[in-house]
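Working notes for the structure below.
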Amino acid sequence: MKSGEPFWLLAVLGDREGSTPVVGIQPGRPEQHEQVAVRLRRVGFRPVTGRDWNMAVAPISPTSAVDVVRGDLVRITTGAASVYTDRPNPVTPQWISAARERRALVVLVPSGTYGDGEWVTEPGLDRLAVLAGRRELLAGLAAVRFDLPVQRPAGDRR
């Protein structure tokens, strides 16, 4: 990961029936965090509490979607703006299965929370619950769309 680029988090909360696919984005710089936060707040994303996190509850954002193309997370769109991944982000079969059952829980993680690969550990996932307990996660539920003809704009890595 280059310094300053967004860091994408993919996980599944819960196990099997009723599990929730999670997509997190950690902007590389604080000013990027605020730019993304403004976009997400406009479409209904709100801070979640620790209780909300444990129950995988967040406001539904009717215009937001997570796009997965050929097994890779490609973007999160709010309907008016999109945030694209900067590199391939493969989703697991468990994530896909959960996404076909439910909306994805999209969270905006404060810049500097994780280093590359840290979030995939159990303590890393527990850190998300701590952030929610402090109301530091902005979250919303978004539809998941598979294999749409999504193409990144030339030169856009946001």
Side-chain angles (χ1 to χ4, degrees), residues 1-13 19-48 53 56 58 61-100 102-132 136-158:
M1 174 172 87
K2 293 181 198 170
S3 178
E5 288 184 352
F7 185 84
W8 294 84
L9 319 170
L10 297 166
V12 177
L13 292 179
S19 58
T20 301
V22 178
V23 176
I25 181 172
Q26 174 184 279
R29 296 185 306 271
E31 62 273 10
Q32 287 176 319
H33 181 276
E34 189 52 35
Q35 290 169 358
V36 175
V38 166
R39 292 176 187 176
L40 296 178
R41 282 187 200 104
R42 284 185 188 142
V43 295
F45 281 57
R46 298 289 176 256
V48 292
W53 180 259
S61 176
T63 60
S64 297
V66 173
D67 289 324
V68 176
V69 178
R70 291 184 298 281
D72 283 326
L73 172 69
V74 174
R75 74 175 174 182
I76 296 171
T77 184
T78 63
S82 296
V83 180
Y84 291 85
T85 61
D86 59 335
R87 60 182 172 191
N89 282 281
V91 294
T92 65
Q94 182 184 10
W95 193 97
I96 290 172
S97 176
R100 292 197 190 283
R102 304 182 72 185
R103 292 176 182 261
L105 177 61
V106 178
V107 295
L108 180 62
V109 178
S111 299
T113 300
Y114 294 104
D116 201 9
E118 278 187 301
W119 74 273
V120 297
T121 65
E122 193 168 324
L125 290 174
D126 290 344
R127 198 174 311 160
L128 290 175
V130 170
L131 290 169
E136 293 182 33
L137 290 181
L138 195 62
L141 292 167
V144 180
R145 304 184 300 191
F146 292 96
D147 298 322
L148 294 177
V150 175
Q151 194 169 6
R152 284 184 187 82
D156 186 5
R157 292 186 162 223
R158 295 179 293 140

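Arg127 contributes a side-chain N or O that, together with a main-chain N or O of Thr113, makes up a donor-acceptor pair within less than 3.5 Å. Judged by distance alone, with hydrogens and angles left aside, the side-chain atoms of Asp86 form no donor-acceptor pair with the main-chain N or O of Tyr84 at under 3.5 Å. Within the 3.5 Å criterion, the main-chain N or O of Tyr114 finds a donor-acceptor partner in the side chain of Gln26. The backbone N or O of Thr78 lies less than 3.5 Å from a partner atom in the side chain of Thr63, making a donor-acceptor pair.
When all heavy atoms of Asp67 and Arg75 are compared, the pair lying nearest together is OD2-NE, 2.5 Å. Here the closest non-hydrogen pair linking Ile76 and Val23 is CD1-CG1, 3.6 Å. Considering all non-hydrogen atoms of both residues, Val109 and Pro27 come closest at O-CD, 3.5 Å. Pairing each heavy atom of Gly28 with each of Ser111, the nearest pair is C-OG, 4.1 Å. When all heavy atoms of Arg145 and Ala65 are compared, the closest pair comes out as NE-CB, 3.5 Å. Closest of all the heavy-atom pairs between Ala58 and Leu105 is CB-CD1, 3.5 Å.
Under the rule for a side-chain contact (heavy atoms from CB on, under 4.5 Å), the partners of Ala132 that lie at least two apart in sequence or sit in another chain are Val48, Trp53, Leu137. Applying the side-chain contact (heavy atoms from CB on, under 4.5 Å) test to Val69 and every residue at least two apart in sequence or in another chain returns Val74, Asp147, Val150. Here Arg41 pairs with Glu34 under the salt bridge (Lys or Arg N to Asp or Glu O under 4.0 Å) rule; sequence neighbours left out. Taking the side chain to side chain donor-acceptor pair (under 3.5 Å) definition, one finds that Ser64 meets it with Ser61, sequence neighbours left out. Partners of Ser97 according to the side-chain contact (heavy atoms from CB on, under 4.5 Å) rule, which considers only residues two or more places apart in sequence or in another chain, are Glu101. With sequence neighbours excluded, the residues that form a side-chain contact (heavy atoms from CB on, under 4.5 Å) with Arg102 are Thr20.
Remark: Leu138 CG to Leu131 CG distance equals 12.5 Å, nearest 0.5 Å. Atom-to-atom distance recorded for Leu40:CG and Arg46:CZ is 10.5 Å, nearest 0.5 angstrom.
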Checklist entry - Does the pair Leu73 and Trp95 meet the rule for a side-chain contact (heavy atoms from CB on, under 4.5 Å), with working shown? => result CA-CA 11 Å; Leu73 172 69; Trp95 193 97; 5.6 Å; no

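You'll find the side chain of Trp8 reaches within 4.5 Å of the side chain of Val83, heavy atoms only.
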